[in-house]
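Computed from a predicted model, the values in this text were never measured in an experiment. Both counts, for ligands and for their atoms, begin at 1 and track the order of listing.
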Amino acid sequence: MAEKKVVETTENEIAVHWQEEGLFYPSTKFIAQANMTDETIYDRFSLDNFPECFKEYADMLDWYKYWDTTLDTSDAPCWKWFVGGELNVSYNCIDRHLEKNRNKTAIHFVPELLEEKTEHITYQELYVRVNEFAALLRDFAGLKRGDRVTIHMPMSAELPITMLACARLGVIHSVVFGGFSGKACADRIEDSNSRVLITMDSYYRGGKLLDHKANADISCELAEEAGQKVDKVLVWERYPGKYSSKTPMVDGRDYSVNTILKDYYGKIIEPERMKAEEPLFLMYTSGTTGKPKGCQHGTGGYLSYVTGTSKYVQDIQPEDVYWCAADIGWITGHSYIVYGPLSLGASTVIYEGIPTYPDAGRCWKISQDLGVNIFHTSPTAIRALRKVGPDEPKKYDFEFKHMTTVGEPIEPEVWKWYQKEVGKGKAAIVDTYWQTETGGFLCSTLPGLKPMKPGSCGPGVPGIHPIIFDENGKELGQGAGKAGNICIQNPWPGIFQTIWGDRDRFVDTYFARYNTKPDSKDWRDWPYLTGDAAVQAEDGYFRVLGRIDDVINVSGHRLGTKEIESASLCATEVAEAAVVPVKDDIKGHVPDLYISLKPGIDITDAVAKKISDTVCDEIGKIARPRKVWLVADMPKTRSGKIMRRVLASISNEKDVGDVTTLVNPDIVKEIKQQYDNSKK
Ligand code: WT7
């Protein structure tokens, strides 16, 4: 049974102070063209019609063999969707569009440098390139159905080509965010037992060509130390035919994809007929303990769910140009840059670089140049663009009919700027709440049906039935005015199937909290615990407040506090570490790192820097602490537990509250003094 957690962070205070906001309505023009304007969809997807309602999404796909069981609960809570069915994801995202849309653009790839040309890859071209690379994976790398392969690549057209080639063969891909360190990549290679790593030599970020292949060397070395040898590293070239990294290729291990690919030109690979419940990919995410969890997503359920939600929530139509400015290395990119849009036969935009290169108008320039009319991004990006370039959107000629935000709560102020300045007062907005684990959206308004409320993600999307429980499992209903643990009452096709190699952790983390009958095969006994705190307004709309566990949401992505703490312990000087979230104007939250050093080690700036760099080496720059506080001791309870709550109060400049029960209450004053001094 999972430990019953008491909410002790101040995290869930963030949004409670926001006042109830008024509603915004989609324009008649938007409604007139929307994919979903039929109110009865909510009845069709009611709990009474569960699970058969999801047939509507599965029917959006092409199946080699139709399924016989919509939901198989025999291994509860590891749900199996559309059992008996057979399909291939690459076929659904490419081949089936050829007859009518062979010459339509599937992917617009925008390089970061302004002087480089945007690539427009048609469905035909995508078909050719995916087949050729699949042939290489099969015949050169020896990969076959069920093998895992780790992909550590930047934003490029080659990344979805690689993913789709894996899907064609039934090879399970594990894409690691390009900004993660070689070490983070090694951990994922080891956990998934990948013997092939696919990478790219270099890419542009902020106007600089970064040497990315260097990470592959670190990954291979560390993975081998941990017991997983990488036999082959396949290196795509940022400039085909010209190796662009200072790091030498390792003989007999590293191979240039662009060179070897020549042997496979024109090859066609028959897509594997995959069982609906066979895994499609792993996506690692942070949890409360140190080790990232490999969320295993299935084939038929996942693709049905992202296709259905791309159609009704993203409202993608055949003539649209759709841009989700997330990174494909996160779940948002998997579901809503690659699989959902391509399954619908849409045109999807991939941008290599940062949104502020060469200036804060870049997103609006790209939108103008490509005629983007659906735009999808995170509150972090919106906050940053509002801060550095509030007047930029006005300078460009683009018109969004629809916009999305995802990843963290958005402040009503920021939402209104987005609506007025970026949406030019015309765009319908959806605030989509979901997680790596959930595969697709949990809560959002349907843009043609429901009004928008700034700062609130809206009701559950069709077929998702959220419920808020208090600590004792009592339901907090609409308008309860109290925050609780938001759970989902029912399974849905997009939910992950398990944690790779760790079913017990899967059950413990996500289902044990409110399950009272561990042997039950009835889905009603297994509410899914999101790990978020939320309140439900009178009108049924949810407002997600933040995590209840030891997870920090930085720029819309989860970092485990334990993960950062154990990374810092790799610096030999560190005795104890504690990480706390600090509110940040742009990124939502950033980590502050408190450290007590081993005896005999002097407190110096150099040590602090070394620790900060160690965290970046272990995880990636996304985890860089705002500040490393070298303290004489940690505030502790009598049982020796570090009081992170107290440290969080200091970092967030809040009252530390009652500390008299600590063994060392004086240290709190001392640390507070240290904090105040640093601000002078
Ligand atoms: C956590 C999941 C899947 C999207 C990318 C992040 C927070 C996500 C919202 C939203 C408020 C949100 C939650 C969630 N979150 N979307 N619209 N409003 N909070 O995926 O890294 O798996 O993080 O992000 O806390 O649990 P992730």
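Ion pairing of K416 with E421 is absent here, as no side-chain N (NZ or NE/NH1/NH2) approaches a carboxylate O to less than 4.0 Å. Contact check on R644 versus E565 returns a salt bridge, with a Lys/Arg side-chain nitrogen under 4.0 Å from an Asp/Glu carboxylate oxygen. A salt bridge is absent between K293 and D502: the closest approach of a Lys/Arg side-chain nitrogen to an acidic carboxylate oxygen does not fall below 4.0 angstrom. Taking the charged nitrogens against the carboxylate oxygens, R558 and E437 do have a contact shorter than 4.0 Å, which makes a salt bridge. Salt-bridge annotation for K587 and E408: absent, with no side-chain N of the basic residue lying under 4.0 Å from a carboxylate O of the acidic one.
Within the listing of ligand 1, atoms 3 (C) sit less than 4.0 angstrom from a heavy atom of I331. Heavy-atom proximity to P409, at under 4.0 Å, picks out these atoms of ligand 1: 11 (C), 18 (N), 19 (N). Atoms of ligand 1 lying under 4.0 Å from any heavy atom of T432, numbered from 1 in the order shown and given with element: 9 (C), 10 (C), 16 (N), 17 (N). When each atom of ligand 1 is checked for a heavy atom of V544 under 4.0 Å away, the hits are 11 (C), 19 (N).
Heavy-atom distances between C457 and ligand 1 stay at or above 4.0 Å for every pair. The closest approach between a heavy atom of G531 and any atom of ligand 1 is not below 4.0 Å. G546 does not count as a contact of ligand 1, since none of its heavy atoms falls under 4.0 Å from the ligand.
The aromatic rings of H334 and Y339 stand perpendicular to each other, their planes meeting at an angle above 60°, with 30° marking the opposite boundary. Between Y336 and W434, the ring planes lie perpendicular to each other; the angle is over 60°, past the 30° to 60° tilted range. Relative ring orientation between H376 and Y322 is described as perpendicular, the plane-to-plane angle rising above 60° on a 0-90° scale split at 30° and 60°. Note on ring orientation: taking the six-membered ring where Trp is involved, the planes of H297 and F496 are tilted (angle from 30° to 60°).
Looking only at protein heavy atoms, the nearest one to atom 22 (O) of ligand 1 is T436 OG1, 2.5 Å. Among protein heavy atoms, the minimum distance from atom 4 (C) of ligand 1 is reached at V406 CG2, 3.4 Å. In terms of protein heavy atoms, atom 14 (C) of ligand 1 is closest to D532 OD2, 3.2 Å. Of the protein's non-hydrogen atoms, E408 O, 3.6 Å is the one closest to atom 10 (C) of ligand 1. Looking only at heavy atoms of the protein, atom 6 (C) of ligand 1 is closest to G556 O, 3.3 Å. The shortest contact between atom 5 (C) of ligand 1 and any protein heavy atom is with T332 OG1, 3.5 Å.
By heavy-atom distance, the residue among G440, G588, G407 lying nearest atom 7 (C) of ligand 1 is G407.
Side-chain contact check for T530 and Y510: no donor-acceptor pair (N or O, by modelled atom type) lies under 3.5 Å. At a cut-off of 3.5 Å, with distance as the only test, a side-chain donor of Y514 or N485 sits close to an acceptor on the other residue.
Polar contact check, N553 against ligand 1: a nitrogen or oxygen pair lies under 3.5 Å apart. Geometrically, ligand 1 and R558 share a nitrogen or oxygen pair separated by less than 3.5 Å. For ligand 1, the polar-atom distance check against D431 finds a nitrogen or oxygen pair separated by under 3.5 Å.
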